[in-house]
Amino acid sequence: KNALLGAIINPSEGIAFGYEPWLITTKTGQTYYGFLVSDGEQAVVIKGVTGQKHSIPTDKVASRRQYKTSLMPSPQAMGLNSQQVADLTAFLLKQ
């Protein structure tokens, strides 16, 4: 219960290895945000927040930035109050 509540209240505290979000910017200014699937000699593959995979040729990549914050927003960012967080946690524990 405590782990679930902690993950909801502070989602960036315990990001599992491989689930760190990345921002890839191409030389033309296009950006891709999501999970790094592979980083090879030929291409960088990133899985976006909608689940779609994007393969970007390595020679087209201008920059890569790894973030230390979770893709999951905090309760405050979603406009949830303490009671709503408690209700959400109770609902998830019943599942």
Side-chain angles (χ1 to χ4, degrees):
K1 291 181 181 182
N2 289 340
L4 177 62
L5 184 58
I8 292 170
I9 292 173
N10 189 3
S12 295
E13 189 171 296
I15 299 175
F17 178 75
Y19 288 93
E20 306 90 350
W22 285 78
L23 179 67
I24 307 295
T25 305
T26 66
K27 293 177 181 175
T28 61
Q30 193 168 10
T31 58
Y32 299 90
Y33 184 69
F35 303 117
L36 192 64
V37 175
S38 68
D39 191 358
E41 287 184 33
Q42 303 281 324
V44 174
V45 179
I46 193 163
K47 185 176 181 182
V49 294
T50 61
Q52 185 177 5
K53 290 183 182 177
H54 304 277
S55 181
I56 305 116
T58 304
D59 63 347
K60 306 286 185 202
V61 174
S63 67
R64 310 159 194 235
R65 180 175 176 201
Q66 182 181 13
Y67 285 82
K68 301 296 181 193
T69 56
S70 175
L71 292 174
M72 183 175 150
S74 69
Q76 298 82 10
M78 293 186 293
L80 298 177
N81 63 37
S82 297
Q83 185 59 54
Q84 290 169 321
V85 171
D87 293 343
L88 173 62
T89 304
F91 173 78
L92 292 173
L93 289 172
K94 289 180 184 178
Q95 301 305 311

Steps toward side chain to side chain contact (heavy atoms under 4.5 Å, CB included) verdict (Ile24, Thr31): CA-CA 6 Å; Ile24 307 295; Thr31 58; over 6 Å; no
Chi angles and distances behind the side chain to side chain contact (heavy atoms under 4.5 Å, CB included) call for Leu80, Ile8: CA-CA 11 Å; Leu80 298 177; Ile8 292 170; 5.9 Å; no
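Transitive grouping of hydrophobic side chains (ILVMFWY, heavy atoms separated by less than 4.5 Å) brings Leu88 and Met78 into a common cluster. Under a hydrophobic-cluster definition in which Ile, Leu, Val, Met, Phe, Trp and Tyr are linked whenever side-chain heavy atoms come within less than 4.5 Å, directly or via other members, Leu93 and Val85 are assigned to the same cluster. In the hydrophobic cluster analysis, where Ile, Leu, Val, Met, Phe, Trp and Tyr join through side-chain heavy atoms closer than 4.5 angstrom, Val61 is grouped together with Leu36.
Listed by first then second residue, pairs satisfying side-chain hydrogen bond (donor to acceptor under 3.5 Å, both in side chains) with a partner in residues 71-84 read Ser74-Gln76, Gln83-Asp87, not counting sequence neighbours. Sorted by first then second residue, the side-chain hydrogen bond (donor to acceptor under 3.5 Å, both in side chains) pairs that include residues 43-58, not counting sequence neighbours, number zero. For residues 60-95, the pairs satisfying ring-ring contact (aromatic ring centres under 6.0 Å, His included) are Tyr33-Tyr67, with sequence neighbours left out.
By the salt bridge (charged side-chain N to carboxylate O under 4.0 Å, His left out) test, Arg64 pairs with Asp39, sequence neighbours left out. Applying the side chain to side chain contact (heavy atoms under 4.5 Å, CB included) test to Thr26 and every residue at least two apart in sequence or in another chain returns Thr28, Gln30, Tyr32, Ile56. With sequence neighbours excluded, the residues that form a side chain to side chain contact (heavy atoms under 4.5 Å, CB included) with Gln66 are Glu20, Trp22, Lys68.
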